[in-house]
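Below is one structure, written out as C-alpha cells; comments come after it.
Just so you know, these numbers come straight off a predicted model, no measurement behind them.
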Amino acid sequence: MATIKDVARLAGVSTSTVSHVLNKTRFVSPEITGRVQQAIDELHYTPSALARSLKVNQTRTLGMLVNSSANPFFAEVVQGVEQRCYELGYSLVLCNTGADSNRLGTSLDMLQQKRVDGIIVMCTQANLTESDLERHASLPLVMADWGPMELDADLIKDSGHRGGRLATEHLLRLGHRHIGCITGPAGQRASEERLAGFTAALTRAGLTVRKEWTVEGNFELAGGQAAMARLLALPRRPTAVFACNDMMAAGALRALADAGLRVPQDMSLVGYDNIELARYLVPRLTSIEQPKAGLGALAVDTLLARIRDPQAPRRILPLEPTLVARESSAPLAI
C-alpha cells in the first residue's frame, strides 16, 4: 500500500507539499499540484483516515448500538441514521447487542478502541447502566427512543403514553368497549408507557381495564402470536386489541388466521410503530406512526451537537406519534 512518502518521492516534492495539496491548506502551483495528483493516481494512494484522526482527534465515525437490526423498526431507524451520516460526511459502525448486557459492554469497549466520535444507543434500560457510562465517560452518547430516562445522556423519547392513548381512543371511536392489549416485556419503558396510555384512555371512557385481557408479549412475532392465542382461549374475548408494536401485531394476525377469525370483522387490531411491513399485511395494519427516518436524523444531529458542546445541559426531545388508520380496524359489528 502506497504511503505519502511514496507519493512525494514520485512527484519529486516534500511530504508537506503533498499534504498541502490533499488538504488544500496552502497554495501550491498548478504545475506541482498536477505532478502530485498524477503520482497519487499512479500509486492508487488513499490518505490514511487513522493518521488524520490521530492528528485532529476526530474520526468522523459514529457508533450505534441496537438490540437487533433484523427487527424492521430498528432497521428503518438505522437507515435514517446512515442517510444522515452520509449527508454529513460521517461513517457509521453498527453493533447488534442481541439484548445481551455482556455483548453490549464488549461493543462499547470496541467502539471506544476504534475512537468513534460518539455513540447512538437504541437498547432497553435493562441493558445499560450508570456503570457502563462511567467506564466510557469520554464517549458522547445519545439514547434514541429505547433509552432509560434516568441516565445522564441526551434522550430522544417516544411519547408512548400519548401513542397508546391514540390507539385506544381510535378503537373507542369505532364503538369498541371490550378492548384488550398485548404489551411488551414488563419493566421496559416503551411497554409501560404504551400500556399506561391504553389504561388512561379506557379509564377516561369510564371503562374497566380487565386484567385477563392485558397479556404480556416480547415485541417479536412469536410473542404476539402466543399472546393473541391466550386471548382467544378465554371464555370471553375482546372485540378489539391494541398490540404495543407492529411485530407483535403481525404475530397476532397469524394467530387470528389460524383460529379462522377475520380481521376486522371478528376482531379489530391496532399496532404501534407503523413499520413499512404494516402496509403489506393482510389486512393492512392500522398503526401508530413514529417518524423513524426523522428519529435517525435527529439522533445524529443531537449527537453531533453534544460532541461540539460536551458541557451543554442534557436534552430530552419527545417524538410526536400519529394514528395511521387502515383496514385492520373497523366499527364494531352489532
**Prompt:** Between Q79 and Q83, do the side chains contain an N or O donor and an N or O acceptor separated by less than 3.5 Å?
**Reply:** no
**Under-4.0 Å salt bridge between D154 and R315** = no
Does atom CD (E327) have a neighbourhood of more than 12 heavy atoms from anything else shown, all under 6.0 Å? yes
Correct closest heavy-atom pair for L221 and A250 would be CD2-CB, 3.6 Å
Side chains of D41 and Q37: any donor to acceptor distance under 3.5 Å? yes
For V78, is there any backbone N or O sitting under 3.5 Å from a side-chain donor or acceptor partner on K292? no
Heavy-atom nearest pair, A186 first then E216, reads N-OE2, 3.3 Å
- Message: Looking at E192 and R189, is there a salt bridge between them, counting it only when a charged N and a carboxylate O are closer than 4.0 Å?
- Response: no
query: If only atom types and distance count, is the side chain of D273 paired as donor or acceptor with the main-chain N or O of I275 below 3.5 Å?
result: no
Trace of the side-chain contact (heavy atoms from CB on, under 4.5 Å) decision for I288 with T322: CA-CA 6 Å; I288 300 300; T322 56; over 6 Å; no
Correct closest heavy-atom pair for S107 and L65 would be CB-CD2, 3.5 Å
Practice prompt. Indicate yes or no: does E320 engage R162 in a salt bridge with an N to O separation below 4.0 Å.
Written response: yes
Between I182 and A252, the two heavy atoms sitting closest are CD1-CB, 4.1 Å
What I want to check is whether the side chains of T106 and D109 have a donor and an acceptor closer together than 3.5 Å. no
With L298 as partner, the option from L317, V142, V81, L303 fulfilling side-chain contact (heavy atoms from CB on, under 4.5 Å) is L317
Give a yes or no on whether a salt bridge exists between R84 and D301, defined as a side-chain N under 4.0 angstrom from a carboxylate O. yes
Please evaluate residues N96 and F74 with respect to the criterion side-chain contact (heavy atoms from CB on, under 4.5 Å), reporting the C-alpha separation (whole Å), side-chain torsions for both, the decisive distance (0.1 Å), and the verdict.
CA-CA 10 Å; N96 290 310; F74 291 112; over 6 Å; no
On a heavy-atom basis, the closest approach of R326 and A278 is NH1-CB, 3.7 Å
Exercise for the section: Would you confirm whether R194, through its side chain, and G160, through its main-chain N or O, come within 3.5 Å as a donor-acceptor pair? Expected result: no
- Query: Between D117 and R60, is there a donor-acceptor pair closer than 3.5 Å when you use the side chain of the first and the backbone of the second?
  - Reply: yes
Scanning both residues in full, the closest heavy-atom pair of R103 with T97 reads CD-O, 3.3 Å
With no hydrogens and no angle check, just 3.5 Å: does a side-chain donor-acceptor pair link S268 and S329?
no
Task: T183 backbone acceptor or donor facing S191 side chain under 3.5 Å - done: no
Please table the atom pairs, donor to acceptor, closer than 3.5 Å between any side-chain atom in residues 228-237 and protein atoms at least two apart or in another chain.
residue	atom	partner	partner atom	Å
R236	NH2	H178	NE2	2.9

Validation row: V93, L62 side chains within 4.5 angstrom (heavy atoms)
no
Do L202 and W213 belong to the same hydrophobic cluster, where Ile, Leu, Val, Met, Phe, Trp and Tyr are linked whenever their side-chain heavy atoms lie under 4.5 Å apart, directly or via other members? no
Practice problem: Verify, without hydrogens or angle tests, whether R35 (side chain) and A11 (backbone) share a donor-acceptor contact under 3.5 angstrom. | Solution: yes
Give a yes or no answer on whether the side chain of S328 reaches the backbone of V270 with a donor-acceptor pair at less than 3.5 Å. no
- prompt: Does some side-chain heavy atom of Y280 sit less than 4.5 Å from a side-chain heavy atom of L285?
  reply: no
Ignoring hydrogens and geometry beyond distance, is a side-chain donor-acceptor pair present between S16 and S19 at under 3.5 Å? no
Across all chains, not counting sequence neighbours, the side-chain hydrogen bond (donor to acceptor under 3.5 Å, both in side chains) partners of T214 are none
Is it true that I32 and L22 fall in one hydrophobic cluster, defined by side-chain heavy atoms closer than 4.5 Å? yes
* With no hydrogens and no angle check, is any side-chain donor or acceptor of D246 less than 3.5 Å from a backbone partner on A249? -> no
One should read off an interatomic distance between I119 CD1 and L139 CG, to the nearest 0.5 angstrom, of 4.5 Å
Rounded to the nearest 0.5 angstrom, the OH-CZ distance for Y272 and F242 is 7.0 Å
In plain terms, say whether E193 and K157 are close enough for a salt bridge, that is, a side-chain N and a carboxylate O under 4.0 Å apart. yes
Is R177 reaching over with its side chain to a backbone N or O of L172, donor-acceptor style, under 3.5 angstrom? yes
Quiz item: Just by distance, do the side chain of D266 and the backbone of V263 share a donor-acceptor pair under 3.5 Å?
Solution: no
